[in-house]
Amino acid sequence: MRRRPESSSTAPDTSAKKSSGTSKTDEEAKLNHGIQIRTARRSGFTWLTLFAVIVYSSWAVYQYQYENLPVPLTAEQAGKRGFSEVAAMKHVKALTELGPHTIGSDAIELALQYVLAELENIKKTAHWEVDVEVDLFHVNVGATRLDSGMFVDRTIIYSDLDHIVLRMLPKYAPEARENAILVSSHIDTVFSTEGAGDCSSCVSVMLELARGISQWAHGFKNSVIFLFNTGEEEGLSGAHSFITQHPWSTTIRMAIDLEAMGIGGKSAIFQAGPHPLAVETFASVAKYPSGNIIFQDIFSSGVINSATDFQVYREVAGLSGLDFVYADHGAVYHTKNDKLKLLKSGSLQHLGENMLAFLLQIATSSHLSKANATVDDIQSSHDTAVYYDILGQYMVIYRQRFANMLHSSVILQSLLIWTTSLLMGGSTAAVSLAFSCLSNILMWIFSISFSVLAAFILPLISSSPLPYLSIPWLVLGLFAAPAFLGALIGQHLGYLVLKRYLSNVYAKRKQLSPAIQADLIKLETERWLFKAGSLQWLVLLVVGTYYKIGSSYLALVWLVPPAFAYGLLEATLTPGRLPKPLKLATLWMGLAIPILASAGQFIKLTTVIIGLSVRFIRHPGGTPEWLPSVGLSLFIAAVICLTLVYLLSYIHLSGAKTSIVLSTCILFALSLAVVFSGIIPPFTEETARAVNVVHVVDTTGGFGEKPNSYISLFSFTPGKFTKEVEEIKEGFVCGRHKAIDYVTFSVKYGCLTYDGTEEGWDESNIPTLDVVKDINGDKRITQVKIDTKRSIRWFLAINTEEIEDFTFNVGLEELVAADGKRSIDGWHTIQASGGKNAPTKFELTLFWLQNSTRRSDKMVQSEQRPLLRIRTDLPGVVTPKVETVLEKLPPWYSLFGKSTSPHTLSFLSSLPIDF
């Protein structure tokens, strides 16, 4: 709208005359004369097109940033000094053809022999001025406890492990031995997969890197060590045993870990530091930089219940460095579908070329020793790095100290602008701001409510509470559509409240006609909603800066460009100037940079969350089935409320509300119809449900009783087994009638059968817990002999409500001292694994709490928790009944393995408090 000065040429002579049917005075008529209102003309088609363009732009950013992989090079194209994916893929093929290679298996020995033979060939063909040392390192026994993460309540015992270590350095620069860069990954897999992604792809990249580095190392100032370890899948044992027992470990100044939480795609940095040298070097030389501190913040928060060898290098050795991860197809992690054919072309080339450029740069650096500053020193100085890539082509990186200065500057300027605006606008501006904030709150409430309601509906209409796993883009209709609809409705309610308040304010201004007042109110309300969108990002920036969260750069990206666009195209310091409709150019200018910088991250995070849903449950049956979908719906609703708040503020004055609401409802209804009809199955052969089939021999019922033998079928993926069990048959009964305690977790919902379970096992394999001494003095001490029989993989839980501390001996060697132990839910767990010659007999000395009581009443005893619980697994043993069940499993089922889950034959035993 415009206010033009009055002139004699435009003011008619009859303006002073009064009409008997009008309520305007001459003065009001003069003031209103010449005021023109320019209304917002935004059609439904225009807005649907605009929204489609934003969605397509976001998708295009994601595709370019995460799906755009380099062309694989042959050995001839790469040359002697380059990296060839074709050559590396031959290693992946050779390792996956061995099948699952767990520690203690014949397959792991063959995998070690293959890697060793390849390294010997590299040694033979290395540059004549490069010294190549290959060491087959054997570990007898060791123990560790980590200070954080998923193993915080655990003591990890390992024994009889073999690793292969390769060191390269220039022959005529012996001082290079004193400063080394470690590149590490693990050869072993879990029992349920051949491990093409986790982590044969990593090992293969390392082999090809070693070949290339062998032609460059004569010009290095530092040595490069490649560690091919075993035992990572059983509690990070390989990394710990190398760091604590290998003589070369004292020379390491930086650690690079290669990992996989899926298979293929771009291998991105998801942990870096604490010293920024490694990530700064990588950002400066990487050909296809990929990484974002968002994933580091999420991983370090503990939301993802996982761990990598990088934790050992950082906590135990105090090293800085980089942790890379493959995260595509997260649903196949540790299942049968982690196989070669799903490994995307270009995945190895991407990581290989990045790593080669990085190693060539860092190995010639004379600043490597600086990267070995302690973790506490770096973090206390706020000198860690904030990093994120733009479209996978360029990496932005700056120190946390600079981030604090930058964020604080933006915060102060924003507060100054808001303060000035409120002072100029008076109480009306303050109240309008409050109501516009109410609009944001209502937007969040309705968006979350609608999206979460959709998550609760899914288990009622689908055979699985996760019907979107096989087609992840279903979440657009199932969760994004109701979240958007709720956000629009919530903000519109706030819009109506704010408009009513402004109507009361304008009603007191008699100089404007009601028609003009109505238009002005709408336009001013629209502007307040737009400005309130930036306010919520300002709040996030303040919080993130206060807690020094690296991911708060997102708040900066979504705050500054829209605010700048508004200030440039819309704002004015003239109090008397009347508001105009917001320009579409303001929206385009304000959202271009945020979409470019973050759309790919949000979509990638969504796919990662969907992949994690397959193995979401820690205790099968102990978590509501709807919880993963609710978590996903909350994340999607939050993204929509944060990123579309500017767009939503434009809609209320347009004629597009009806068409937008109708289109959103149609999308949601169609998605529900697809789920209800079962046209798209929740699981496929390539996106399988994670299940476990375990033959359990249980002696926890009491001494002298006959062992209880049964088959247990359970899943870490939410959902029931009703239909599948009807097809499998074999006498399974499903429900919550019998909870099974597997020591490291409990199964509260699953299926059991006792039919034909007496074959395939022997009572001589049942572990024993024998009390050999029980001394009652000033402090009660009990000695227990543990015999795991044939098992080299076992788990022992100690009741810390009764036991204050313990020592653990292997033969005459005290492996674990009485130095205080952490516990969770009143238990401390010892997790042990090893090679074929790992020990099976141990001695445990328990130190009781002073206030512990020994009750003998049988009724009370039945309610007591045992003193000790033990589970032993016999890897590689499949009983006849388990084999029959496995043959009848649907093709969309896959066995699932992790460091704490049982293999196909397990024995359970316990020692009561009143032994």
Side-chain angles (χ1 to χ4, degrees), residues 141-159 235 237 240 244 302 315-316 619 700 702-703 741-746 767-788 794-833 839 841-858 860-872 899-900 908-915:
V141 68
T144 182
R145 287 198 308 275
L146 298 175
D147 296 330
S148 61
M150 63 182 296
F151 299 115
V152 69
D153 62 330
R154 205 160 300 171
T155 298
I156 299 171
I157 308 293
Y158 53 83
S159 54
S237 303
H240 185 271
T244 57
E315 286 188 14
V316 179
H619 301 279
T700 58
F703 290 107
D741 185 350
Y742 281 100
V743 179
T744 52
F745 65 94
S746 297
T768 58
L769 302 170
D770 297 325
V771 177
V772 295
K773 188 182 294 185
D774 187 29
I775 303 172
N776 275 297
D778 294 337
K779 192 174 186 67
R780 185 179 176 190
I781 301 174
T782 302
Q783 291 184 355
V784 181
K785 282 191 175 180
I786 303 170
D787 189 349
T788 62
W794 53 270
F795 305 83
L796 177 73
I798 300 170
N799 186 346
T800 56
E801 291 182 357
E802 302 289 339
I803 302 302
E804 181 180 11
D805 211 337
F806 65 86
T807 62
F808 188 85
N809 287 49
V810 179
L812 299 177
E813 180 181 358
E814 184 181 77
L815 202 58
V816 181
D819 54 0
K821 314 292 189 302
R822 295 187 183 183
S823 63
I824 293 181
D825 298 329
W827 296 98
H828 182 87
T829 303
I830 299 177
Q831 175 177 334
S833 60
K841 295 182 179 181
F842 313 92
E843 185 176 286
L844 178 69
T845 302
L846 304 172
F847 302 95
W848 294 67
L849 289 166
Q850 293 290 348
N851 60 351
S852 64
T853 57
R854 187 175 183 179
R855 296 169 289 179
S856 58
D857 183 86
K858 291 186 178 180
V860 176
Q861 182 180 350
S862 64
E863 300 173 1
Q864 288 180 343
R865 305 198 313 174
L867 185 66
L868 302 174
R869 299 178 293 138
I870 191 171
R871 185 189 93 220
T872 60
S899 63
T900 57
L908 302 177
S909 188
S910 64
L911 179 68
I913 292 177
D914 297 293
F915 46 79

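Small disclaimer: the values here were computed from a predicted structure and weren't measured.
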Chemist: Side-chain contact test, heavy atoms from C-beta onward, threshold under 4.5 Å: evaluate it for Arg869 versus Thr700 and give yes or no.
Modeler: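 A side-chain contact is absent here, since even the closest heavy-atom pair is not under 4.5 Å.
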Chemist: With rounding to the nearest 0.5 angstrom, report the CD1 to OG1 distance, Ile786 to Thr768.
Modeler: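 The OG1 atom of Thr768 is 9.0 Å from CD1 of Ile786, to the nearest 0.5 Å.
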Chemist: What's the shortest heavy-atom distance between Gly142 and Leu815, and which atoms?
Modeler: O-CD2, 3.8 Å
Chemist: Measure the spacing between CG of Asn809 and NZ of Lys841 and express it to the nearest 0.5 Å.
Modeler: 15.5 Å
Chemist: For Lys779, is the NZ atom crowded, meaning more than 12 foreign heavy atoms sit under 6.0 Å from it?
Modeler: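 Yes, enclosed.
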Chemist: Take Ser746 and His619 through the test side-chain hydrogen bond (donor to acceptor under 3.5 Å, both in side chains) and record every step on the way to the result.
Modeler: CA-CA 5 Å; Ser746 297; His619 301 279; 4.5 Å; no
Chemist: Would you check if Leu868 and Val784 make a side-chain contact, meaning some heavy-atom pair closer than 4.5 Å?
Modeler: yes
Chemist: Can you tell me how far the CD atom of Glu843 sits from the CG atom of Asp787, to the nearest 0.5 Å?
Modeler: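 Here the interatomic distance stands at 13.0 Å.
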Chemist: Can you name the closest pair of heavy atoms from Ser899 and Phe795 and give their distance?
Modeler: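 Smallest interatomic distance, heavy atoms only, reads O-CZ, 3.3 Å.
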Chemist: When rounded to the nearest 0.5 angstrom, what is the spacing between OG1 in Thr144 and CZ in Arg154?
Modeler: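 Spacing of OG1 (Thr144) from CZ (Arg154) equals 12.5 Å.
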Chemist: Are any non-hydrogen side-chain atoms of Val316 and Thr244 less than 4.5 angstrom apart?
Modeler: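 Result yes, sub-4.5 Å side-chain heavy-atom pair found.
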Chemist: For the backbone of Ile798 and the side chain of His828, can you confirm whether one donor and one acceptor N or O come within less than 3.5 Å of each other?
Modeler: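 It does not hold such a pair.
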Chemist: Between Leu844, Leu867, Ile870, which is the residue that forms a side chain to side chain contact (heavy atoms under 4.5 Å, CB included) with Leu769?
Modeler: Ile870
Chemist: Just by distance, with hydrogens left out, do Thr744 and Gln831 show a side-chain donor and acceptor under 3.5 Å apart?
Modeler: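 Thr744 vs Gln831: no donor-acceptor pair found between side chains.
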Chemist: Kindly compute the distance separating CZ (Arg822) from CG (Leu146), expressed to the nearest 0.5 Å.
Modeler: 10.0 Å
Chemist: Please verify the inter-ring angle class for Trp794 with Phe842; under 30° counts as parallel, over 60° as perpendicular, anything in between as tilted.
Modeler: tilted
Chemist: Quick check against the 3.5 Å criterion: does Thr782 have a side-chain atom that pairs as donor or acceptor with the backbone of Leu846?
Modeler: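 No; zero donor-acceptor contacts below 3.5 Å.
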Chemist: Is Asp805 reaching over with its side chain to a backbone N or O of Gly820, donor-acceptor style, under 3.5 angstrom?
Modeler: yes
Chemist: Compare every heavy atom of Val771 with every heavy atom of Leu911, then report the nearest pair and how far apart it is.
Modeler: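 Distance-wise, the nearest heavy atoms are CD2-CG2, 3.8 Å.
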Chemist: As a quick check of understanding, evaluate salt bridge (charged side-chain N to carboxylate O under 4.0 Å, His left out) for Arg145 and Asp819, giving each step before the final call.
Modeler: CA-CA 11 Å; Arg145 287 198 308 275; Asp819 54 0; 2.8 Å; yes
Chemist: Give, for atom CZ of Phe915 and atom CG of Asp770, the distance between the pair rounded to the nearest 0.5 Å.
Modeler: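 The distance works out to 12.0 Å.
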Chemist: Can a donor-acceptor pair be found, under 3.5 Å and without considering hydrogens, that links the side chain of Arg871 to the backbone of Tyr742?
Modeler: yes
Chemist: Ile157 versus Phe808: any side-chain heavy-atom pair under 4.5 Å?
Modeler: yes
Chemist: Considering non-hydrogen atoms only, spot the tightest contact between Thr807 and Ala817 and give its length.
Modeler: CG2-C, 4.2 Å
Chemist: If I compare all heavy atoms of Ala143 with all of Val816, which pair ends up nearest, and what's the gap?
Modeler: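 Between these two residues, the closest heavy atoms are CB-CG2, 4.1 Å.
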Chemist: Considering non-hydrogen atoms only, spot the tightest contact between Phe151 and Gly235 and give its length.
Modeler: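 Result for this residue pair: CZ-CA, 3.7 Å.
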Chemist: Indicate yes or no: at least one non-hydrogen side-chain atom of Ile156 is less than 4.5 angstrom from one of Ser237.
Modeler: yes
Chemist: Please indicate whether Asp147 has more than 12 foreign heavy atoms, meaning atoms of other residues, nucleotides or ligands, lying under 6.0 Å from its CG.
Modeler: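 Atom CG in Asp147 is packed in, count exceeds 12.
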Chemist: Do Glu804 and Lys821 pass the salt bridge (charged side-chain N to carboxylate O under 4.0 Å, His left out) test, and can you show the C-alpha distance, the side-chain angles, and the key distance before you say yes or no?
Modeler: CA-CA 8 Å; Glu804 181 180 11; Lys821 314 292 189 302; over 6 Å; no
Chemist: Do the side chains of Ile781 and Trp848 get nearer than 4.5 Å, heavy atoms only?
Modeler: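 Result no, sub-4.5 Å side-chain heavy-atom pair not found.
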Chemist: Has the side chain of Asn799 got a donor or acceptor atom that lies under 3.5 Å from a matching backbone atom of Pro866?
Modeler: yes
